[in-house]
Amino acid sequence: MIALAGVQVTAYSPDAAGGADRIVRLLGPVSLALGEHRIAIVGANGSGKSTLARLLNGLVLPSSGTVQVDGLDTARDGAAVRRRVGFMFTDPDAQLVMPTPVEDVALSLRRLPLDAAARDAAARAALARFGLADRAEVPVHSLSGGQRQLLALASVLATEPQILVCDEPTTLLDLRWRRIVDELLAGLDQQVVVVTHDLDAALQADRVLVVDDGAVAFDGDPVPAVQFYRDLMTAAHP
Ligand SMILES: Nc1ncnc2c1ncn2[C@@H]1O[C@H](COP(=O)(O)OP(=O)(O)OP(=O)(O)O)[C@@H](O)[C@H]1O
Ligand SMILES: [Mg+2]
């Protein structure tokens, strides 16, 4: 269970004209208990979705309030939280750091008590799960965008996190790869929180949060949530 209590995120905004710096509110106050198996977060560009998603594994820390995952505080127990909560970025290149797929997955397994041979075998098994067995040793940059996104998913899931947070995992993908990634995410045992602009994908969730101007403007069932978001966008740009 993820619990946000009175969470606000603020940032300094330097005054270009030489006046006093201001503190601007990026998000909150937000209080949420997130226990559903599939949760989608939708909202306009700049509304605060990534800020909210990054709070869930401690990539962003609250300026006030607390975020807890199974009772672990993201500010105090960040490393333990990140072992529990995997995070997948929109652009897989943001998280793929090794030259080949098998090395990348092996890197994410480095904290498990495995010797080199066992780690290599576990990395290859993780790649096979996502149809990348025959790409284990090719240069990562030679993979297609969709294959790189699958590799990022394989790397994140290799450590068996209990929760997966994905920030627009299919935005850069064509329709075919979007479907593949959506189906893989849908089939996971883990709790998945996904930020998406794909409203068809949001409609498959158990619960949808609509973020608007740093606040959760709607929180509930997918059909009314998506309708709320459509109405919000129509009102903003008639
Ligand atoms: N570290 C920061 N310092 C200052 N402003 C920030 C910081 N991080 C985010 N922001 C601002 O907070 C707002 C929300 O950003 P966020 O990335 O959460 O939006 P988003 O909903 O994910 O947008 P998009 O759909 O474009 O990805 C934006 O106006 C952004 O410029
Ligand atoms: Mg974002």
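Note that ligands are numbered from 1 as they come in the structure, with each ligand's atoms numbered from 1 the same way. Note that the numbering runs from 1 along the sequence shown for the chain. Computation of the quantities below employed the complete heavy-atom set of this structure, encompassing side-chain atoms and omitting hydrogens, waters and symmetry-equivalent molecules.
Checking Asp200 against Gln204 by side-chain atom types alone, no donor-acceptor pair falls below 3.5 Å. Ser155 and Asp104 are linked by a side-chain donor-acceptor pair at a separation below 3.5 angstrom, with hydrogens and angles left out of the test.
Protein heavy atom in closest approach to atom 13 (C) of ligand 1: Gly46 O, 3.5 Å. For atom 25 (O) of ligand 1, the nearest protein heavy atom (residue, atom name, distance) is Lys49 NZ, 2.7 Å. For atom 27 (O) of ligand 1, the closest non-hydrogen atom of the protein is Glu168 OE2, 3.6 Å. Atom 26 (O) of ligand 1 has its closest protein heavy atom at Asn45 ND2, 3.1 Å. For atom 17 (O) of ligand 1, the closest non-hydrogen atom of the protein is Ser50 CB, 3.6 Å. The closest protein non-hydrogen atom to atom 2 (C) of ligand 1 is Leu26 CD1, 4.0 Å.
If you number the atoms of ligand 1 from 1 as listed, the ones under 4.0 Å from a heavy atom of Thr51 come out as 15 (O), 16 (P), 18 (O). Distances below 4.0 Å separate heavy atoms of Ala11 from the following atoms of ligand 1: 3 (N), 4 (C). Counting atoms of ligand 1 from 1 in the listed order, those under 4.0 Å from a heavy atom of His197 are 25 (O).
In this structure, Gln162 places its CD atom where more than 12 heavy-atom neighbours from other residues, nucleotides or ligands lie under 6.0 Å away. Within 6.0 Å of the CG atom in Asp189, the count of heavy atoms belonging to other residues, nucleotides or ligands does not exceed 12.
Using a 4.0 Å threshold on non-hydrogen atoms, atom 20 (P) of ligand 1 counts as touching the protein. Within the 4.0 angstrom cut-off, atom 31 (O) of ligand 1 has no protein heavy-atom neighbours. Note that atom 4 (C) of ligand 1 has protein non-hydrogen atoms nearby, at separations under 4.0 angstrom.
Annotation: side chain of Leu151 is not in contact with side chain of Gln147 (no heavy-atom distance under 4.5 Å).
With hydrophobic clusters built from ILVMFWY side chains whose heavy atoms lie under 4.5 angstrom apart, Ile39 shares a cluster with Val30. Both Leu4 and Val9 are members of a single hydrophobic cluster when ILVMFWY side chains are connected at heavy-atom separations under 4.5 Å.
Not a single heavy atom of Gly43 lies less than 4.0 angstrom from ligand 1. Distances from ligand 1 to the non-hydrogen atoms of Gly214 include no value under 4.0 Å.
Among the atoms of Ser50, an N, O or S atom falls under 2.8 Å of the Mg ion (ligand 2).
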Walk me through it: do Asp219 and Arg207 pass the test salt bridge (charged side-chain N to carboxylate O under 4.0 Å, His left out)? CA-CA 7 Å; Asp219 175 1; Arg207 174 178 174 185; 2.8 Å; yes
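A distance-only check finds no donor-acceptor pair linking the side chain of Arg179 to the backbone of Arg176 [under 3.5 Å]. Between the side chain of Glu168 and the backbone N or O of Ser50, no donor-acceptor pair lies under 3.5 Å.
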